[in-house]
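Heads up, the thing below is written out as structure tokens.
These figures come from a predicted structure and were not determined experimentally.
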Amino acid sequence: MTRELPAGFRWGAATAAYQIEGAADEDGRGPSIWDTYSHTTGRTRNGDTGDVAADHYHRWAEDLTHLAELGLGAYRFSISWPRVQPGGAGPVNPKGIDFYSRLVDRLLELGIAPVATMYHWDLPQELEDAGGWPARDTALRFQEYAAHIVGALGDRVHTWTTLNEPWCSAYLGYGSGVHAPGRTESAGALAAVHHLNLAHGLAGRMVRELAPAADLSATLNLHVIRPVSESAADADAVRRIDALANRAFLGPMLDAAYPADLLADTAAVTDWSFVRDGDERTVAVPLDVLGVNYYSTTLVRAWDGRSTRSTADGHGRSEHSPWIGADTVEFLPQPGPHTAMGWNIDPSGLTELLLRLHREHPGLPLMITENGAAFPDLVADDGAIHDEARVDYLRRHVAATLDAVAAGADVRGYFVWSLLDNFEWAYGYDRRFGIIHVDYATQARTWKDSAHWYRHLVTKGPSSSLSG
Ligand code: IFM
């Protein structure tokens with residue numbers, strides 16, 4: 001397979017506001033659902049919160065120099081809604097807007113394309129108190145918020161991404177409750193799916209209107225679902241999970257319709273009457289590029305109803321399943337190797353996913369907006385971090401991306417998750433995804449071997465970095 005990069009391909013790194021910024025009470029920022037959730041006993045590992053995180057709010061200028069030294073062409077960050085509009089409605093906080101404005105200007109000075117995510121899970125608490133994503137009004141508030149930030153940052157942002165992984169926001173936030181706000185309401189989770197999709201469409205239209213030169217995207221954590229056997233029952237298990245995980249978002253976003261089988265599978269939970277006439281057309285705002293986050297694969301089979309049902313779906317433990325209406329499906333543990341998240345390592349899944357999207361949505365440009373791995377990094381006596389496992393993970397997934405390119409997929413970029421070690425949601429600081437190590441006691445940044453490897457890849461090209 002060729003290792004040629006398409007013209008204009010961008011290498012980047014990704015982060016998210018709540019995971020790195022800290023400064024939770026500073027300069028007028030309001031509380032988000034993740035502040036509330038992480039401050040609730042028992043919700044996060046060791047009671048960790050994002051109050052300080054990687055202190056990026058104060059160290060952003062230094063962090064951008066790392067991007068430049070890595071030789072990256074793009075930086076994917078998220079804008080904190082409660083920092084720029086503390087109550088989720090009403091007046092904006094000028095200090096919040098100024099922070100992102102300075103960040104974007106500095107990126108442009110450094111020749112790095114800003115890729116801004118509008119929503120990476122930090123819903124203003126006041127909006128959650130008013131109903132959260134199961135309430136339609138939240139989507140309308142999101143449109144207003146989008147108008148404010150696109151109005152302020154507009155075409156200086158190269159690519160606007162409306163949502164990051166709405167699957168997590170809806171099903172983990174409102175289904176299994178392992179993410180903020182921690183609600184466990186099956187019908188509410190499906191209403192959240194729709195209102196997130198609607199929010200995407202409404203905000204996307206703001207980008208089209210206010211920043212016509214910017215690219216528009218959404219980022220999905222699409223699942224690569226494999227059956228245990230070739231049986232028809234296992235194929236049906238795959239179909240059900242594909243509907244919930246993938247087509248619940250791809251359907252309305254790209255084809256202006258929810259899949260009929262999704263509505264049928266979940267009919268006992270909801271009649272989907274929260275989808276109003278015209279909504280699906282609103283959701284299907286044309287995209288310039290689809291963001292794809294990929295980490296591992298999912299293994300399923302039809303549950304026989306007799307044995308103890310395995311629910312090892314890799315998305316945290318809860319008595320409540322995030323897989324609404326899929327009680328007949330079992331999620332099976334997968335053979336290793338695994339990352340520290342317990343996720344299996346399978347780069348072929350990334351190639352398969354990109355080629356599926358290429359086949360089913362020809363002409364739609366793709367971008368890997370997250371790929372990376374948590375491992376228990378050790379700091380050696382000399383201060384170095386020899387994270388060979390992460391280097392190997394990245395090398396194999398970049399190769400898998402280029403395999404998909406060679407087979408025809410239109411992939412425009414690759415962003416490593418993550419630039420820095422950060423607050424890994426319910427796992428707190430117990431999991432490290434960064435290519436740059438953060439010492440949380442001193443906030444010192446140290447390049448891991450993976451950062452040096454990535455710099456080599458980016459500056460010298462794939463052919464010299466992919467043999468391993
Ligand atoms: O840290 C998260 C990120 O916020 C969203 N995608 C998956 C990453 C690793 O779990």
Backbone N/O of [Y] and side chain of [X]: donor-acceptor pair under 3.5 Å:
X: His361; Y: Leu357; answer: no
X: Asn246; Y: Leu222; answer: no
X: Thr159; Y: Asp215; answer: no
X: Asp288; Y: Leu216; answer: yes
X: Asn221; Y: Asn293; answer: no

Ring centre gap for [X] and [Y] strictly below 6.0 Å:
X: Tyr258; Y: His194; result: yes
X: Phe9; Y: Trp11; result: yes
X: Tyr119; Y: Trp121; result: no
X: His223; Y: Trp323; result: yes

[X]/[Y] ion pair, N-O < 4.0 Å:
X: Glu21; Y: Arg29; value: no
X: Arg239; Y: Asp236; value: yes
X: Glu209; Y: Arg205; value: no

Quiz item: In terms of the angle between their ring planes, are Trp34 and Tyr37 parallel, tilted or perpendicular, with boundaries placed at 30° and 60°?
Solution: perpendicular
Quiz item: Can you check side-chain contact (heavy atoms from CB on, under 4.5 Å) on Leu172 and Glu165, steps first, answer last?
Solution: CA-CA 11 Å; Leu172 302 184; Glu165 301 182 355; over 6 Å; no
Quiz prompt | Between Ser465 and Tyr454, a side-chain donor and acceptor under 3.5 Å | solution = no
Quiz item: Side-chain donor-acceptor pair under 3.5 Å between Asn344 and Thr297, yes or no?
Solution: yes
Self-check item: Sub-4.5 Å side-chain heavy-atom contact between Arg412 and Arg10
Solution: no
Quiz item: Just how far is it from atom CG of Asn422 to atom CZ of Arg432, taken to the nearest 0.5 Å?
Solution: 10.0 Å
Self-check item: Pair Tyr100-Ile149, side-chain contact (heavy atoms from CB on, under 4.5 Å): steps then yes or no
Solution: CA-CA 9 Å; Tyr100 296 106; Ile149 55 177; over 6 Å; no
Quiz prompt | Chi angles and distances behind the salt bridge (charged side-chain N to carboxylate O under 4.0 Å, His left out) call for Arg226, Glu352 | solution = CA-CA 11 Å; Arg226 294 183 168 148; Glu352 184 182 321; 2.5 Å; yes
Exercise. Decide yes or no on side-chain contact (heavy atoms from CB on, under 4.5 Å) for Ile79 and His148, but give the supporting numbers first.
Key: CA-CA 12 Å; Ile79 295 175; His148 286 307; over 6 Å; no
